[in-house]
Amino acid sequence: MLRKLHQYQYQCQCQWNNKPPLHFRILSSLLLFSKPSSSVSAAMLPHDQDQDQDHQLRTFAFGRFVGPRPRLYPPAELDRKISQFLLSHVLAGERSFNDLHSLIYQIVQQEGSGSAPSICELLLHNFHGWKWDSNIVVWDMLAFAYSRFQLVQDALFVLAKMKDLNLRASIQTYNSLLHNLRHTDIMWDVHNEIKDSGTPENEYTNSILIHGLCEQSRLQDAVSFLQISKGKDTGLSVASFNTIMTRFCKLGYVDVAKSFFCMMLKCGLHPDSYSYNILIHGLCVAGSMEEALEFKNDMEKHGVEPDIVTYNILAKGFHLLGLMGGAWKVIQDMLLKGFNPDVVTYTILMCGHCQMGNIEEGLKLREEMLSRGFQLSIISYSVLLSCLCKSARFEEALILLYEMEALGLKPDVITYSILIHGLCKKGEVHRAILLYEEMCLRRICPNYFTHGAILFGICEKGNISEARKYFDNLITSDLVEDIVLYNIMMGGYVKLGNIAEAVQLYQKLTEKKITPSIVTFNTLIHGFCKSNKLEEAWRLLDTIKLHGLVPSVVTYTTLMNAYCEVGNIDGMLELLREMEAKAVMPTHPNTPSGEALHG
DNA sequence: CTAGGGTTAG
C-alpha cells in the first residue's frame with residue numbers, strides 16, 4: 001500500500017511540477033479515514049485485509065483522481081459539452097447565477113467522479129484563450145459543484161488548475177471544501193491555502209473549522225479557537241457559537257450550551273432562530289419540556305419568530321416523553337400561526353402512531369401526504385418500514401421498499417439496517433443476509449447497527465459458534481468496536497446458560513478499556529441468576545455503581561425475579577426498598593460522561 | 001450551524 005502511495009506521489013510531482021503535496025495528503029488520509037467496504041468482506045468472509053485496501057487504493061487513486069489521462073469525448077458529446085460551457089459563460093456574463101448554478105450542477109452530475117481532468121482540459125482548450133471575465137465564475141462554480149457533490153478530489157483538481165491560471169476561488173468554494181474535509185487535519189491545509197490566496201474569509205469559515213474540531217471530538221480546541229477568534233473581524237459569528245452549542249447539547253451538557261448562549265449576548269451578538277432551536281432541542285432531548293417552552297416564549301419576546309423547525313422540535317420532544325397529546329397541541333399552535341405541516345411534522349406524527357402500535361394510522365398519514373402532493377422522505381419510509389417489520393408484515397414492507405425506489409429514493413444504511421434487524425428479530429436470518437448482500441453490492445457500507453442485527457439474528461438461532469466467528473471477525477478487523485456488539489454476544493451465551501463465556505467476554509472488554517453499559521451488567525446479572533449464583537449477581541449491583549452507572553428497572557426486576565424464585569423474600573424486599581429509594585426513573589439513553597470534554 | 005428513521009438486557 002505504501003509503495004502505491006509513493007508511486008502516486010511521484011506521479012503528482014511529475015504532473016504538477018512538484019507542487020501540491022496537499023492532494024497526496026488528502027488521498028492518503030481519506031483512505032485511512034473512509035475505510036469503505038473492507039469491513040463488509042472482513043466480516044462476512046475471512047479475507048486478507050491488506051489486499052483489500054490495496055484494491056481500494058487502486059480504484060481510488062488510479063481509477064479516479066490520477067486517472068490515466070483526461071478521457072476523450074466522442075465528437076457529438078464534445079460538441080454538446082462545449083455548447084453547455086458556452087452557455088455557462090453567457091449566463092455568467094449576464095450574472096444569471098441561479099441558471100448557471102443549475103447548469104453546472106447538471107454537468108457535474110452527468111460527468112460524475114473522476115471527470116475533472118477532462119472537463120478542465122475542455123475548458124482550457126476551448127475557452128481559456130477567450131479571456132472572458134466570466135471565466136473565473138465558471139471555473140469557481142465548477143469547483144464548488146464538485147465539492148457540493150462530495151467529489152473532493154475533482155474539486156481539488158479544478159482548484160489546482162485555477163491556481164495555475166491565477167484564478168482565485170471564492171470563499172464559498174473554499175468553505176464547501178473545508179466542510180467536506182472537516183473530519184481530517186487536512187482542513188488546516190485548506191485553511192492555510194485560503195490565507196495564502198488572500199481570499200477574504202466570511203462568517204462561516206470559522207464556524208466550519210469549529211465544526212470540524214467538534215466532530216473530531218476536540219471540543220476543548222474548538223472552544224479555544226472560538227476564544228482566539230474574538231480578535232478577528234470575521235472570527236466571532238453567531239454560527240460559530242451555534243456550532244459549539246450544538247456539540248454541547250449532543251453530549252448532554254445543555255447547561256454549558258446555555259452559558260455559551262449568554263456569552264454570545266455579552267459579546268454583543270444577536271442569537272438567531274438557529275441558536276434558539278439548538279437550545280430548545282437540547283432541552284427537549286433532556287426531557288425539560290417546560291424550559292423548552294419558556295425558551296420559545298423568550299424567543300418571541302426578542303423578536304425572533306419561532307419557525308417550523310421550532311415547532312417540530314417541540315412536537316418531537318413531547319413524543320419522546322410519550323406525550324402525544326402535547327405533540328398535538330404544539331402542532332395545533334403551529335397551524336394557528338399559519339405554518340403548514342411539512343414532511344418532518346408528518347414523520348413525527350407517523351412515529352407517534354407507530355410507536356403506539358397504530359400502523360394503520362401511520363399508513364393513513366402516508367395517504368394523506370400523498371394526496372396533498374407531499375413526497376415522503378427516506379426517513380418517513382423508514383419509520384413505516386420499522387413499524388411493519390415489528391409486526392412481521394414483511395411482504396407489505398417489501399412493497400413499500402419498491403414504492404420508495406420507484407420514486408427515486410435510495411434506501412440507505414439505516415433503511416437496510418431496519419429491514420435486516422426486523423428479519424433477524426423474527427428469525428429470518430437467511431433473508432436478512434440476502435438483504436445484507438444486496439446492500440453491500442450497492443456499495444452501502446454496513447455499520448455496527450447492521451452488524452449488531454446480524455449478530456443478534458445468528459445468536460437467536462442458537463448457532464453460537466458461528467455467531468462467535470462473526471463477532472471475532474468484527475472485533476479483530478478493528479473496524480467495529482462497540483459495546484453493543486459485546487452485549488449481544490454475551491446475551492447469546494447467557495441464553496444458552498453459558499455464563500463462563502459471557503464473563504470471559506466481559507473481561508476482554510475491560511482489558512480493551514471499552515466502557516460497559518448498564519445492559520452489559522444486566523446481561524451478566526441475568527446470566528448469574530440463571531445459574532443460581534445469586535451472590536455473584538448481587539455483587540454486580542455494586543460493580544454497576546463503581547462504574548458510575550445507575551441500576552435500571554431491568555436490573556432490579558431481574559434480581560427480584562430470581563430472589564422470588566428461590567423464595568428469598570427478605571432479599572426481594574431489600575431490593576424493592578432500594579429501588580424505591582432511588583426512584584428509578586424511566587430512561588434517557590445518553591448520560592453524559594466526562595471524557596468527551598478531554599478527548 | 002437547527003428539526004424527522006435504526007441495535008443489546010428483565
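Throughout, protein chains are lettered first and strands after them, A, B, ... in sequence-line order, and every chain is numbered starting at 1. Side chains are part of it too, since the values below use all heavy atoms of this structure and drop only hydrogens, waters and symmetry mates.
- Computed from coordinates, the A:Arg247 CZ to B:dC1 P distance equals 13 Å when rounded to whole Å.
- In this structure, the CG atom of A:Asn561 is 11 Å from the P atom of B:dG10, given to the nearest Å.
- Going from atom NZ of A:Lys250 over to atom P of B:dA3 covers 6 Å, rounded to whole Å.
- Ring planes of A:Tyr563 and A:Trp538: perpendicular class, angle over 60° (limits at 30 and 60°).
- Among the protein residues, A:Val383 comes within range of the sugar-phosphate backbone only, with heavy atoms under 4.0 Å from sugar or phosphate atoms but none that close to a base.
- Comment: A:Glu305 does not engage A:Lys337 in a salt bridge, judged by the lack of any side-chain N to carboxylate O separation of less than 4.0 angstrom.
- The distance between atom CG of A:Leu541 and atom P of B:dG10, rounded to the nearest whole Å, is 17 Å.
- Nucleic acid contact class of A:His319 (heavy atoms, under 4.0 Å, all strands): none.
- A:Ala453 comes within contact range of no nucleotide atom at all, as no heavy-atom separation falls under 4.0 Å.
- Across all strands, A:Val494 comes closer than 4.0 Å to no nucleic acid atom at all (heavy-atom distances).
- A salt bridge does not link A:Glu405 to A:Lys410: none of the charged nitrogens lies less than 4.0 Å from a carboxylate oxygen.
- Aromatic ring centres of A:Phe261 and A:Phe241 lie farther apart than the 6.0 Å criterion allows.
- Scanning all heavy atoms of the two residues, the minimum distance from A:Val494 to A:Thr523 falls at CG2-O, 3.7 Å.
- Using a 4.0 Å heavy-atom criterion, one finds that A:Asp342 contacts the bases of the nucleic acid, with or without backbone contacts as well.
- Straight-line distance from the CD1 atom of A:Ile475 to the P atom of B:dT8: 17 Å, rounded to whole Å.
- A:Tyr274 qualifies as a stacking partner of the B:dC1 base, centre to centre under 5.5 Å and near-parallel within 30°.
- Proximity of the aromatic rings of A:Phe521 and A:Tyr506 is defined here by a centroid distance below 6.0 angstrom, and this criterion is met.
- Residue contacts shown for A:Ser377 include a base, since a base heavy atom lies under 4.0 Å away.
- For the pair A:His547 NE2 and B:dA9 P, the computed distance is 21 Å after rounding to whole Å.
- If you check every strand for non-hydrogen atoms under 4.0 Å, A:Phe449 touches a base.
- Across all strands shown, A:Ser382 has heavy atoms under 4.0 Å from base atoms, whether or not it also approaches the sugar-phosphate.
- Summarising the geometry, the separation between CG on A:Leu376 and P on B:dG5 is reported as 15 Å, rounded to the nearest angstrom.
- You'll find a donor-acceptor pair under 3.5 Å spanning the side chain of A:Thr557 and the base of B:dG10, going by distance alone.
- Here B:dG5 presents its P atom at 14 Å from CD1 of A:Ile378, a figure rounded to the nearest Å.
- Against DNA chain B, the stretch residues 414-425 of chain A makes heavy-atom approaches under 4.0 Å through A:Ile414, A:Thr415, A:Ser417, A:Ile418, A:His421, A:Lys425.
- In this structure, A:Glu368 pairs ionically with A:Arg372, as a charged nitrogen and a carboxylate oxygen lie closer than 4.0 Å.
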